[in-house]
Amino acid sequence: MHNQKDDSALVVFDGLKLFIYFVAVSKMLVLSHLQKPITVIRNFFTGNSVNSGNQDIDELEQRKFNRYARTIMKLSIGLVLVNIVAFSVPNTVTEKALALPPLLQGFGQPMLSIFRCLAINCMPLGIVPRFLTNFTTVATLLLGMRAKLRMLAYRYAQLLVRSRTDAEYTLDRINRDIREILDQQLEYWRVLRELKDVVGKMFFLVHYSSILAVGAFLFIAQHTGVNIFSASLASGAGFFLLEHYFQCRMVDTFQDEVT
């Protein structure tokens, strides 16, 4: 393959396109299969079954969640736009990569133009969002559950503070508050089990697709040189790495909150 760099890079790119389509469809199927537990988790952190007992704290955590969620959505939209612009810039390598398959080359220039237009628009708009849907779903679920965990932790902390400082805080009242907090904690644990199953199944695809895709991206970029096309591929590799890193980081952060 090193003796025919241009051809080998295009062969790898064609294989990469098929692989990305396969991963995108797999993510869609997994997301569809997990819609029920995802809905349960989403309804949990948008509801009020677990709260801090302080409306100001609840609103603060909700604002933090909304800010992080909007940031993730902006990054996702920005990545789609970057890919559209990168594929739209005229480039000889891009022309070769998006050329007609051998069976369709007899149709000539009109079909080539139509195919290229569809490829430029369908790849960023049709494929990239499928990856981002999986990414944003896991991110928002983890952020929402982390916010609920902080509310629960605040409630435990306030129970300890009040039992030490408030002389009128009787044992009966303490017992009633502890039972209420434990009920919320049991509810949280039930939903947390659903979250672990969702994240585990989604991360399986993210982990192994990242290993294969990043290597292919780097191979193609190395053999096509520095150009707009290789820059677009580098951004694609960066996205795979970012998705992998972000999910690992979010789980670690979530674990730190638990401890």
Side-chain angles (χ1 to χ4, degrees), residues 12-46 65 68-69 71-73 75-80 82-83 122-149 187-221 232-259:
V12 174
F13 181 71
D14 287 336
L16 182 61
K17 285 191 290 186
L18 293 176
F19 175 73
I20 289 176
Y21 278 111
F22 170 76
V23 174
V25 172
S26 299
K27 286 189 173 185
M28 292 170 60
L29 293 175
V30 170
L31 198 63
S32 176
H33 174 69
L34 296 174
Q35 275 303 306
K36 185 175 180 180
I38 288 173
T39 302
V40 170
I41 300 169
R42 185 182 292 117
N43 290 339
F44 172 74
F45 69 73
T46 56
F65 167 76
Y68 289 135
T71 301
I72 292 171
M73 294 301 295
L75 289 174
S76 301
I77 295 171
L79 184 61
V80 173
V82 167
N83 276 269
C122 290
M123 288 185 71
L125 295 177
I127 301 301
V128 176
R130 299 298 179 260
F131 285 89
L132 300 179
T133 300
N134 185 289
F135 171 64
T136 54
T137 298
V138 173
T140 52
L141 292 180
L142 287 170
L143 288 171
M145 290 297 287
R146 189 179 68 174
K148 286 295 184 181
L149 181 60
E187 174 70 9
Y188 186 89
W189 280 350
R190 183 184 67 81
V191 180
L192 183 61
R193 284 194 293 268
E194 299 278 0
L195 178 66
K196 290 171 62 177
D197 183 61
V198 169
V199 173
K201 290 177 179 177
M202 288 187 172
F203 185 74
F204 176 83
L205 275 174
V206 171
H207 179 69
Y208 289 102
S209 63
S210 298
I211 293 174
L212 294 173
V214 170
F217 276 128
L218 295 178
F219 177 85
I220 298 168
S232 177
L233 292 178
S235 70
F239 169 73
F240 274 95
L241 291 173
L242 179 64
E243 183 181 21
H244 190 283
Y245 169 79
F246 187 83
Q247 289 199 22
C248 292
R249 180 60 182 167
M250 282 297 301
V251 171
D252 287 342
T253 303
F254 190 83
Q255 204 166 20
D256 292 340
E257 290 288 342
V258 173
T259 56

Determine whether M145 and V199 satisfy the following criterion, side chain to side chain contact (heavy atoms under 4.5 Å, CB included), listing intermediate values before the conclusion.
CA-CA 12 Å; M145 290 297 287; V199 173; over 6 Å; no
Looking at G144, is its backbone amide N or carbonyl O close enough to the side chain of Y68 to form a donor-acceptor pair, meaning the two atoms are under 3.5 Å apart?
no
Quick one: does any side-chain atom of S32 pair with a main-chain N or O of M28 as donor and acceptor, under 3.5 Å?
no
Taking side chain to side chain contact (heavy atoms under 4.5 Å, CB included) as the criterion, tell me which of V191, L141, L143, L149 meets it with F45.
L141
Inter-residue atom distance [X].[atom1] - [Y].[atom2], 0.5 Å rounding:
X: K36; Y: E194; atom1: NZ; atom2: CD; answer: 8.5 Å
X: T137; Y: I38; atom1: OG1; atom2: CD1; answer: 5.5 Å
X: L195; Y: I41; atom1: CG; atom2: CD1; answer: 4.5 Å
X: T46; Y: K148; atom1: OG1; atom2: NZ; answer: 8.0 Å

In terms of side-chain geometry, is the basic nitrogen of D197 or K201 positioned less than 4.0 Å from the acidic oxygen of its partner?
yes
Please determine whether the number of non-hydrogen atoms from other residues, nucleotides or ligands lying under 6.0 Å from atom NE2 of H33 exceeds 12.
no
Please test R190 against F44 for side chain to side chain contact (heavy atoms under 4.5 Å, CB included), starting from the C-alpha separation and ending with a verdict.
CA-CA 10 Å; R190 183 184 67 81; F44 172 74; 5.7 Å; no
